[in-house]
Engineer: 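Sharing a structure here in structure tokens format.
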Number of protein chains: 2
Amino acid sequence: MKEKRRRYLHNTSIEDALNLFFQKGWQETAGETVEVTAAVGRVTAQAVFAKISSPHYHAAAMDGVAVRSQDTVGAAETAPKRLRLNEQAFPVDTGNALPAGCDAVIMAEDITEFAEEVEITASVAPWQHVRPIGEDIVATEMLLPAGHRLSGVDAGALLAGGITQVEVRKQPKVTVIPTGNELVTPGTPPGPGQIIEYNSTVFSALVSEWGGEPLRHDIVRDNFDQILEAVANAAQNSDVVLINAGSSAGRRDYTADVVAQLGEVLVHGVAVRPGKPVILGVVEKTPVIGVPGYPVSAVVALEIFLKPLLYRLQGLAEPARPTLRSVFSRQVTSPLSAEEWVRVKVGRVGERYVATPLSRGSGVITSLVRADGIVRIPQQKEGLVAGEEVDVELLRAPDHIDRTVVCIGSHDLTLDILGDLLSRTYPGHTLSSAHVGSTGGIMALRRKEAHLAGVHLLHEETGQYNIPFLKQFLPDVPVTLVTLVEREQGLMVPAGNPKGIADIEDLTRPDVSFVNRQRGAGTRLLLDARLKEKGISAEAISGYDREEYTHLSVAAAVAAGSADTGLGVAAAAKSLGLDFIPLAKERYDLAIPQASLQDENVIKLLEVARSTEFKQTVDGLDGYHTDKTGEIAYQGE
Amino acid sequence: MKEKRRRYLHNTSIEDALNLFFQKGWQETAGETVEVTAAVGRVTAQAVFAKISSPHYHAAAMDGVAVRSQDTVGAAETAPKRLRLNEQAFPVDTGNALPAGCDAVIMAEDITEFAEEVEITASVAPWQHVRPIGEDIVATEMLLPAGHRLSGVDAGALLAGGITQVEVRKQPKVTVIPTGNELVTPGTPPGPGQIIEYNSTVFSALVSEWGGEPLRHDIVRDNFDQILEAVANAAQNSDVVLINAGSSAGRRDYTADVVAQLGEVLVHGVAVRPGKPVILGVVEKTPVIGVPGYPVSAVVALEIFLKPLLYRLQGLAEPARPTLRSVFSRQVTSPLSAEEWVRVKVGRVGERYVATPLSRGSGVITSLVRADGIVRIPQQKEGLVAGEEVDVELLRAPDHIDRTVVCIGSHDLTLDILGDLLSRTYPGHTLSSAHVGSTGGIMALRRKEAHLAGVHLLHEETGQYNIPFLKQFLPDVPVTLVTLVEREQGLMVPAGNPKGIADIEDLTRPDVSFVNRQRGAGTRLLLDARLKEKGISAEAISGYDREEYTHLSVAAAVAAGSADTGLGVAAAAKSLGLDFIPLAKERYDLAIPQASLQDENVIKLLEVARSTEFKQTVDGLDGYHTDKTGEIAYQGE
């Protein structure tokens, strides 16, 4: 606490930051000569001109005989003409050079063969069935301009034009320096406060994708001199240096001072969320980027600053992402002080594409794994309202999105199994499931944001599952309930049950802390129903207000000791080594509106849900029953 | 001619051919375990589950002090509270583990420091500024399903979840066997009838692009036994075998017989143009494709059959190409017997995208180099009419097309120089030039297919260049003429001028053969004007009817000895080592309709045309003058 925080973050707009960074006039990398056969994917440093023509001789374009067209004049059905073999008519295969003097080819089908002659019944025009010299390529013509990324076909054309070596831009070398006392290399079990260093793997993949050559540096500890040395060396030996992290203004954030001492800090802090604590600088004419530590912040910062830089160094334009006009499904608020990058899941529900925001945490890398695209909320905009049209910058191809079944609702482990089996049975088809609880799922169906919803809502008065809620919240929409599984819900406790928890009454004990599910979750309704039955007040339970969104999150809280117990399914308890005290068996259904039942992706999903393989896999899990799997529990009208 | 052609090509529809081929039920390749850090781009063979949570401890989300929230109860502006350092308040940086018992973090900005205490002025809620265990990943949750291609972010998420190795599908091994007596390896100067073997480079690049591992076999001569041995070995050692070529029904086409002897021919001949002579077969359970020899036919055949096969072997869906609704600019006829793949150049002219067909020759690989996309004309359709709307399957990104200047008209070498300089000055910007002659260019402007046209049309009566033609053919369109260059036109003759050609009169000599430019070409008009001046009849010239489309093609014909002379520019003669007899100096203009003058890509092009670098480069060519380059020769109203 006593150390002084040396620097403060500014909030430079993205546009200003790009201008400050790029006015340094970064130059293209030098050229190098490589074999054409190994040049696919590389970028031409100079225009390339053909050395020879293709064909470089007059070539037969058909199997048959090569002739002088003037020898055929006068031939007709009524007046066949005979040509002497190997004097006037030369057998040729496609691709053969025409003998000297010949200027046409007659197809094999159009001649009659005799011992030493062929008979023809029509005259031929000069150059018939001939590929003349230079039909494809004429020597000296420009085959490719500078700044062109070679495809396989381009390489073929260069070889055809007699070029075997080509001058291409060197791939920009990008040194990635991970820094931090808390980092351990992958494979080392991390202790408390330690983090597995995975950012350099992500950065390296992005560098490769954008045409650069990543050089991964060993982890450097939080030591000013060590970081300084690493950056100074990297600036000498590479075209770009990335320092990760230490780019903020905390006690051990050395990056800005290191860059300032070795060169110049151009920008510190950019008006973007996530991604603010970014540093742009220059050391020995080499661009240096201080990249934030949180993975999402880091990726955003690299997208904005590294991507255009690498394309610039290769003499290429930065490619634009394809966009997809979509309906934004939720309200989100966004600070006026920064542009916000919202990761979204996109689904085609009916005739429209619906974009649903994912976790906005900058530390949640799985939000990038799950994202189909990005929606940028401009700096001066306060947010987005539900139903607003937005352009989603796509991270996946539109046809992938068209093959995605969107499931929003309660989480169940068997949904993951179903999705995996769907992808294996029908390659390219995926199940996207968002976990907002059963009630949230029904609301999503009402807003037409999802193809189906996973629900397990116990109705207190009737004791019925799901049906009363559909009638209440979706009175005008015919919905079919297909049972996915039946499952056991119960209290998860640490192995050995140290606090001797036996039933719901124990939750009120002063020595017992609870972790709950969020409002609208079926599991929470189940708890509330049991509490009501037993006349227990929610206020009597310590931790009733602490909400988690999935069974596994509740199990994780219990496993970590931050709560003594929580309600959830047996499989979640089992997977984290917890004990399980069963309280109820409940039905988990897929609620499917009539329109979705016609959707071919949903049809495939239901087929997989009813397969023997799915049932067998689920039967292998604790606390699941598949007797009713695939059955129609209710058919709305 | 005496050898029997053993097999006949069928004309199986694409759909039937795919069914016959894929009903063999090709299985996914086996899995293999690789390091996650090396797995980007690979495809998961199984679902992947997290081993540890991330964070795996409760982590500070801010720099500040970690506290027990209950210790802060009661703190307020009016009633500050002090907490003892390292007993009740523990300094933490972002990412640190919370000390045992702590459940909240207070930001550094919100505390006042004293020697052994900190003072706070507000109470905090439990879990404020804390990233709880499992916020990103909960141990045992499914991180990725099977059949998922790993991105860098995915790899990061696996590492974060404690996974260091992952089971991915082996890359399908594809052996490429080039066959043919006529083939020579790149770098060997080809003799007459010899062809540089470049297809295997193209195929290898496509295999890599589609996720396979290409294995290039040495060239095999046209010998049944040698091909048999190569295919038998390859079928043992790879997942797919490509034999190129010998897939037709000619004298030395052994592929079908080889496949039949080793295994089974499923299909021979498919109803597609180009690409008909394809063979689909199976040898020892390994799929074998006999690929046509012509490069365009080959690429089409691989797109149709190899691409879905490789995706199938990886357990992936074949990605769809993005399409762009465009206006087809020309009439083309297409056989009813086959689906035709037309390569097209696409440009955004005004508000619409215009697709212009390129060379339809199956041997013209440069048509694939230049193509922006493919238009498929279905088997039962007779062709396309000008102005018809089509879906172009894009080979390049839409933003590339949006940055392309479309020039249709007369060819001049300096257009290539201009395009190269444009790409170097403005990365990503390209000049697409189609060579249809000056008159063709003006017609393209009339049909709004091009941004501008290169023209050099001599008006016989007035002796004026270009202007009278604009007034005649584009009376209602204001067009500006910007001079690109002045250039010398003349007769190209072999070095040393063996036939002693001196002037236009020599073209009528019986021992002199001529090669002409196509109708509508400015060079042809120049010839016709000279012939008229001198009272020479076109019929008196042998070869007047033989048409080529560019200066270089004419020069190539003279260089190859298939004509004694032709009319063209000095630079074309020089580049192929020909002598040049000057006849006239002419103006070569860019004709630019008013609408195009506002186009930002055209503005950039003109800026480059007026640059010193462009003029200096052109001045280095024979027979060019740049005194008037960039000047406005005419401004239409």
Side-chain angles (χ1 to χ4, degrees), chain A residues 1 37 40 47 53 57 63 91 93 95-97 131 133-134 136 138 140-142 145-147 152-157 159-160 164 182 186-187 192-193 196 198 201-202 205-206 250-251 315-317 319-320 363-366 368-369 397 399 416 419-420 423-424 427-428 552-553 556 560 575, chain B residues 1 37 40 47 53 57 63 91 93 95-97 113 131 133-134 136 138 140-142 145-147 152-157 159-160 164 182 186-187 192-193 196 198 201-202 205-206 250 315-317 319-320 363-366 368-369 397 399 416 419-420 423-424 427-428 552-553 556 560 575:
Chain A
M1 294 303 296
T37 48
V40 173
S53 298
Y57 55 89
D63 293 351
D93 286 328
N96 285 167
R131 295 184 62 216
I133 289 173
D136 191 357
V138 177
T140 77
E141 80 170 284
M142 185 186 291
V153 163
D154 295 333
L159 295 174
T164 54
E182 73 282 15
I196 296 169
Y198 59 80
T201 297
V202 179
L206 292 175
R251 282 192 297 176
L316 291 173
V364 181
I365 192 172
T366 50
L368 281 173
V369 170
D399 60 319
D416 290 340
D420 178 51
S423 296
R424 285 195 282 127
L552 275 174
S553 308
S575 68
Chain B
M1 295 302 297
T37 49
V40 173
S53 297
Y57 55 89
D63 293 350
D93 284 328
N96 285 167
E113 294 177 52
R131 294 184 62 217
I133 290 174
D136 192 356
V138 176
T140 78
E141 80 169 286
M142 186 186 292
V153 164
D154 296 333
L159 294 175
T164 54
E182 73 282 13
I196 296 168
Y198 60 80
T201 297
V202 178
L206 291 175
L316 292 173
V364 182
I365 191 171
T366 50
L368 281 174
V369 171
D399 60 319
D416 290 339
D420 178 50
S423 297
R424 283 195 282 128
L552 276 174
S553 308
S575 69

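Every chain is numbered from 1 and lettered A, B, ... according to where its sequence line falls, protein lines coming before strand lines.
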Engineer: Apply side-chain hydrogen bond (donor to acceptor under 3.5 Å, both in side chains) to A:S553 and list each qualifying residue two or more places apart in sequence or on a separate chain.
Structural biologist: A:T550
Engineer: B:V153 versus chain A, heavy atoms under 4.5 Å apart: side chain, backbone, both or neither?
Structural biologist: both
Engineer: Examine whether an atom of A:E141 lies under 4.5 Å from a heavy atom of chain B, and if so say whether it belongs to the side chain, the backbone or both; otherwise answer neither.
Structural biologist: both
Engineer: If we ignore hydrogens and angles and just use 3.5 Å, is the side chain of B:D399 paired with the main-chain N or O of A:P319 as donor and acceptor?
Structural biologist: no
Engineer: Answer with side chain, backbone, both or neither: which region of B:L206 has an atom nearer than 4.5 Å to a non-hydrogen atom of chain A?
Structural biologist: neither
Engineer: For chain B, which candidate among A:T37, A:T140, A:T164 shows the most heavy-atom pairs at distances under 4.5 Å?
Structural biologist: A:T140
Engineer: Determine the option with the most heavy-atom pairs under 4.5 angstrom with chain A, choosing from B:P145, B:G193, B:A320.
Structural biologist: B:G193
Engineer: In terms of heavy-atom proximity below 4.5 Å to chain B, should A:Y198 be classed as side chain, backbone, both, or neither?
Structural biologist: both
Engineer: Please rank B:P192, B:G134, B:S53 by heavy-atom pairs under 4.5 Å with chain A and give me the top one.
Structural biologist: B:P192
Engineer: Please determine, among A:G419, A:S423, A:G363, the option with the most heavy-atom pairs under 4.5 Å with chain B.
Structural biologist: A:G363
Engineer: List the atom of A:A560, the atom of B:I133, and the distance in Å for their closest heavy-atom pair.
Structural biologist: CB-CD1, 2.6 Å
Engineer: Given side chain to side chain contact (heavy atoms under 4.5 Å, CB included), test B:I365 with B:V202 step by step and report yes or no.
Structural biologist: CA-CA 10 Å; B:I365 191 171; B:V202 178; 4.2 Å; yes
Engineer: Against chain B, label A:V369 side chain, backbone, both or neither, depending on which of its atoms sit under 4.5 Å from a heavy atom there.
Structural biologist: both
Engineer: Heavy-atom pairs under 4.5 Å with chain B - which of A:A155, A:G152, A:A205 has more of them than the others?
Structural biologist: A:G152
Engineer: Side-chain contact, heavy-atom cut-off 4.5 Å: B:E182 with A:D93?
Structural biologist: no
Engineer: By a 4.5 Å heavy-atom criterion (distance strictly below it), what part of A:L552 contacts chain B: side chain, backbone, both, or neither?
Structural biologist: both
Engineer: Say whether, by atom type as modelled, one donor and one acceptor occur between the side chain of B:D420 and the main chain of A:A146 under 3.5 angstrom.
Structural biologist: yes
Engineer: Check each atom of B:L159 against the heavy atoms of chain A and say whether the ones under 4.5 Å are side chain, backbone, both or neither.
Structural biologist: both
Engineer: In terms of heavy-atom pairs under 4.5 Å, which option from B:A556, B:P186, B:A397 contacts chain A the most?
Structural biologist: B:P186
Engineer: With respect to chain B, which residue among A:A160, A:G95, A:G187, A:G428 yields the maximal number of heavy-atom pairs within a distance under 4.5 Å?
Structural biologist: A:A160
Engineer: Please name all residues satisfying side-chain hydrogen bond (donor to acceptor under 3.5 Å, both in side chains) with B:D154, sequence neighbours left out, ordered by chain then number.
Structural biologist: B:H148, B:S151
